[in-house]
Every structure is written in structure tokens, then in C-alpha cells.
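Just below is one structure, and these are the notes that go with it.
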Amino acid sequence: MSKLYFVVGSQDLYGDECLRQVAEDAKSMAEFFNKNLSNITVEVLPTVVNSETCISDMRKVNVDDDCIGVMTWMHTFSPAKMWIKGLQELRKPLLHLHTQANEKLPYDKIDMDFMNLNQAAHGDREYGFILARLKVLHHVVAGFYQHKNVLEKISRFIDVARAINFSRHLKVASFGNNMREVAVTDGDRVESQIRFGWECNYFALGDLVREINNVTPAEIDKKMEEYTSKYTMKTSNIEAVKEQAKYEVGIEKFLSARKLGAFADTFQDLHGLKQLPGIAAQNLMGKGIGFGPEGDYKISALSAVLMNMSQGRKGATGFIEDYTYDLTEGKELELASHMLEVPVNFAASKPEIDVLPLGIGGKEDPARLIFDGVEGDGIQVTLVDMGTHFRIICADIELVKQPLPMPNLPVARIMYRHKPNFEIGTAAWCYAGGAHHSVVSTALTREDIALFAKLTGTELICIGDDTTPEKLEEMAVKYYK
Ligand code: MN
């Protein structure tokens with residue numbers, strides 16, 4: 001299980017009894033967190049009373065592979081020069097919990113000892129200063145630690161910190177390069193690794209094809225059993241489906257042998273493959289493997305990270321492409337899909353497997369999963385490379401049921417309504433330079449993405465009901481200076 005270290009600050013001026021109480025309170029708070037937060041173990045490290053303790057605590061945070069981050073809190077006043085060197089070494093997400101061991105002030109009993117013991121109002125400000133001075137990226141959560149809204153905020157931090165740790169270990173395979181002439185899917189792989197930790201490397205398609213061709217008939221049959229148990233077989237062209245089953249097994253083996261968590265392919269480079277991977281990619285995304293078509297390594301990595309962030313939550317998360325609109329005035333909707341590779345995560349009901357022509361790529365008809373998408377409030381997130389920096393764009397959307405059947409559309413699809421409306425929402429996305437590839441999620445919210453952007457030091461543009469016509473115009477000027 002993931003671990004969150006809890007580091008409490010104090011100093012030795014108040015005597016041993018005070019420090020014993022600080023350690024005891026830290027322990028009982030950790031016990032409370034362990035009872036009330038899921039999927040995490042909170043463990044207390046030695047109270048910081050000098051620079052050496054701080055350094056050794058932060059080193060422990062850094063080297064423990066199970067640890068996703070650290071939560072800090074100043075029980076008493078903890079002179080912040082003690083924190084400088086430790087914080088300079090810290091390399092994991094940091095939560096500053098601005099709280100107290102006591103909820104209420106004991107008006108009738110309060111004396112100087114009580115006030116010296118419980119002075120987060122004082123100590124957390126000293127600590128906040130040094131975080132600001134050092135420009136340490138962090139998140140502040142303020143309130144009594146047992147309150148529901150505080151626990152929810154800590155819980156969000158845990159999900160985002162886990163995703164950031166996942167991101168820092170993520171390896172992405174590119175089979176083939178970026179689609180010829182396409183701009184927005186391209187990007188600086190060196191900066192991707194510096195900023196997000198993604199190790200994005202090229203692998204020869206021929207090596208993947210060899211792995212695919214080594215897949216045994218028994219392995220294909222086992223994968224076919226999985227397909228037929230989960231999906232409805234609409235096609236009679238079973239051989240074409242088996243071809244995809246072979247791809248999925250081969251790709252999964254190739255990725256796991258190299259500890260790769262995401263991949264990108266392109267229809268412009270399919271040498272040795274009879275079909276563009278369809279079900280193979282759709283089903284792998286259902287298992288949390290990141291995927292980007294047309295060589296889009298950024299969306300492949302981002303989708304893997306956001307799928308990780310959404311773990312344990314209700315809702316669907318996955319890659320999608322903006323495709324076409326219904327522009328009925330006042331009722332505008334978007335139809336989002338892809339030429340094949342829509343993650344099965346979005347299926348509202350049991351998907352159908354069919355084999356149909358693909359008008360691009362010049363290969364055999366690929367097998368794919370076809371389904372209508374889920375409904376509900378969601379977000380659409382993308383990542384673009386502005387040359388000087390990365391930009392994350394996050395738009396609030398409402399996923400809706402498709403108003404009428406689309407019997408001739410041979411691909412899976414989702415539909416959504418833009419916020420605050422089509423006119424402002426889509427114009428803002430265009431001004432922001434948002435890509436046509438994105439990650440849509442009904443499990444994550446703008447707050448999750450904002451926290452990810454904050455903790456990774458990435459520019460963020462949000463679009464939603466608070467995007468007024470005035471804000472839209474501001475954006476159109478501000479981001480073009
Ligand atoms: Mn595409």
C-alpha cells in the first residue's frame with residue numbers, strides 16, 4: 001500500500017514534556033488518518049527539532065519507493081531555518097496541513113503552556129514563509145484535521161501525489177513517429193521527462209511485430225475467451241478478431257518486459273501488421289495502459305497518469321478525440337470518438353465487436369469495439385507544448401446520451417455538452433491552443449487537475465461555467481502577449 005509520511009515540526013525550547021506531547025498527538029492523528037483515509041498508510045517520522053532531523057526525515061521520504069509524498073504540520077513554533085536544507089532535498093509532493101490537535105479553544109482552562117504547545121497559527125506561518133521563499137511547490141490544506149472537508153482534501157492530495165509518483169516512473173514507447181505534418185501532437189520529450197518524469201523512447205515496430213508473431217495459438221484463444229466473455233461478437237470474421245487478440249497479447253508482453261506503461265502508434269507505420277490495432281488498444285486502455293494514436297506520446301502518457309489518478313473512484317477516464325458537432329442552435333453537442341481506438345472504459349453498455357473497413361492506412365479491415373458512451377459531469381484535459389513551456393487545458397463538460405441512434409457509425413463514441421456553452425467553451429479551447437486529442441474523465445474534477453498542475457509547476461487554463469465572455473476576451477489577449 002502507498003505510504004504518506006507525516007512530519008511534525010517543533011523545537012526543544014519548550015522542554016521534553018512538550019515534545020513528548022507533540023509526538024503523542026502526531027501518533028494519534030496518524031491513527032485517525034489510517035482509520036479514515038483509504039488506500040494509504042500514514043506514518044509519523046521523528047519530530048523536526050533541528051536541521052538534522054529535517055534532513056533525515058526528508059531523505060527517508062525520498063528513498064522510500066512506497067512513499068508518495070509527505071504531509072507537514074507545525075504543532076508548535078518550529079524555526080524555519082531548520083527546514084531549509086531538508087526541504088531543499090525533498091523530491092516528492094508536499095502537503096502543508098494547517099491544523100491543530102485541538103478543535104476548540106478551552107476558554108476556561110487555557111494557559112501559557114497550552115498556548116505554547118498549540119500554536120500552529122504561529123508556527124505554520126513561519127513555515128509557510130520558508131516554503132514561499134524557497135519556492136517549494138506544495139499544497140496547503142487548512143482546517144481541523146478531523147473535519148470531513150479536510151479529509152476530502154487530503155484524500156485528493158493522495159490521489160494526485162500517487163499519480164505524480166506514477167508519472168515520474170512512467171516509460172512510454174513510441175512505435176513509429178509523430179503523424180506527418182501534425183503539430184499539436186508533437187512535443188519536447190526532454191522537457192517531458194524533466195517536468196513529468198516520462199521516459200519517452202522509440203522502439204522499432206519490427207521488434208514489436210516479432211513479439212506479436214511469437215504469440216501462441218493458446219494465448220490467442222485465451223484472449224478470445226476474454227473478448228467473448230466481456231463483449232458481444234457481432235462479426236462472423238473471427239480471424240480478423242483473432243489478429244487483434246494476437247496484437248494485444250504481443251503488445252502487452254512487449255510493454256511489461258520493458259516496464260512500459262504507455263505506448264503510441266501510427267497508422268502511417270504499420271509494417272508487418274495486417275490491421276491497425278483496434279480492440280487491442282481499446283482493451284489495453286481498459287487496463288490502465290496509456291495510449292496515443294498518430295504518434296501522440298503526450299496524450300498516451302497523460303492518459304496513463306490520469307487513469308492512475310482516478311483509481312478507486314467511480315467514473316470513466318480515457319483518451320478521446322474531438323471529432324464533429326451537432327450545431328443545433330442552443331443545443332450544441334460534440335461527438336467525440338476516434339478512427340478506432342476509443343477506450344472501452346467509456347462503454348455505457350456491453351460493447352459489440354465488429355470488423356469493418358477503415359478508410360485510412362491502406363490495411364485490412366480492423367476489428368474494433370463499438371459502443372455508446374457514459375453520461376455525467378466530467379472534464380476534458382489536454383497537454384500542449386508551447387515551445388517555452390507545457391500548458392494543461394481543462395474544460396468542464398457534461399457527457400450526455402446520444403440523442404438518436406447512429407447505426408452507420410462504425411466506431412465507439414461519447415457525446416458531450418460544453419460549458420458554459422458551445423460558443424464560449426469551444427472558443428476558449430481554441431484560444432488556449434487546446435489539442436484535438438484529450439483525456440475525458442467523469443471520475444476526476446478540475447480540482448484534481450489544478451492540483452496536478454500546481455504540484456508539477458505546469459501552466460493551467462480552466463474553462464467552465466466561470467468562463468464569462470469578458471474572461472474569454474481576456475484570454476484571447478493575455479495568452480498572445
Ligand atoms: Mn487522432
Side-chain angles (χ1 to χ4, degrees), residues 172-187 189 192 200 202 205 244 247 251 262-270 273 275-286 289-307 316-325 334-346 356-363 365-371 373 379-385 391-393 395 397 399 406 409-416 418 426 429-430 432-441:
V172 189
S174 287
F175 300 114
N177 206 331
N178 191 66
M179 181 181 164
R180 287 189 282 276
E181 310 292 353
V182 176
V184 78
T185 51
D186 220 334
R189 285 159 213 254
S192 303
C200 304
Y202 179 84
L205 188 63
Q244 291 281 339
Y247 295 172
I251 294 169
F263 71 105
D265 65 14
T266 167
F267 67 92
Q268 288 176 329
D269 187 357
L270 294 174
L273 296 178
Q275 305 175 15
L276 175 66
I279 298 183
Q282 293 178 284
N283 209 45
L284 282 168
M285 286 187 269
I289 300 289
F291 173 76
E294 291 101 52
D296 190 343
Y297 83 92
K298 293 201 305 298
I299 211 66
S300 175
L302 185 68
S303 65
V305 170
L306 297 188
M307 282 189 279
T317 302
F319 154 78
I320 204 71
E321 175 171 280
D322 298 282
Y323 232 124
T324 191
Y325 295 129
E334 169 156 353
L335 175 59
S337 182
H338 205 258
M339 62 168 101
L340 276 189
E341 313 94 326
V342 178
V344 68
N345 318 19
F346 290 130
L356 297 157
L358 183 68
I360 199 163
K363 289 281 173 173
D365 298 350
R368 79 286 304 273
L369 296 171
I370 303 175
F371 54 82
I379 51 168
Q380 182 182 17
V381 189
T382 195
L383 175 71
V384 291
D385 183 347
R391 171 179 292 171
I392 294 172
I393 300 147
I397 55 172
L399 284 85
M406 301 180 221
L409 188 68
V411 285
R413 75 299 299 244
I414 58 176
M415 290 195 80
Y416 43 83
H418 296 273
T426 59
W429 190 272
C430 288
H436 54 264
H437 285 170
S438 62
V439 179
V440 160
S441 178

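Just follow the structure's listing: the first ligand is 1, and inside any ligand the first atom is 1.
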request  = Return the set of residues passing side-chain hydrogen bond (donor to acceptor under 3.5 Å, both in side chains) with Asp365 (not counting sequence neighbours), or none when no residue passes.
outcome  = none

Sub-4.5 Å side-chain heavy-atom contact between Ile289 and Ser303 = no

query = Do Arg413's NZ or CZ and the ring of Tyr323 fall within the cation-pi criteria of under 6.0 Å and 45°?
reply =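 Ring-cation test returns no.
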
task = Looking only at non-hydrogen atoms, find the nearest pair between Gly176 and Asp269 and report the distance.
result = CA-OD2, 3.8 Å

request  = Would you please indicate yes or no on a ring centroid separation below 6.0 angstrom for Phe263 and Phe291?
outcome  = yes

message = So, applying side chain to side chain contact (heavy atoms under 4.5 Å, CB included) with Thr382, which one of Asp322, Ile299, Val184 is it?
response =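 Only match with Thr382 under side chain to side chain contact (heavy atoms under 4.5 Å, CB included): Ile299.
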
query = What are the protein N, O or S atoms, given as residue plus atom name, that sit under 2.8 Å from the Mn ion (ligand 1)?
reply =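 Result, waters dropped: Glu294 OE1, Glu321 OE1, His338 NE2, His437 NE2.
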
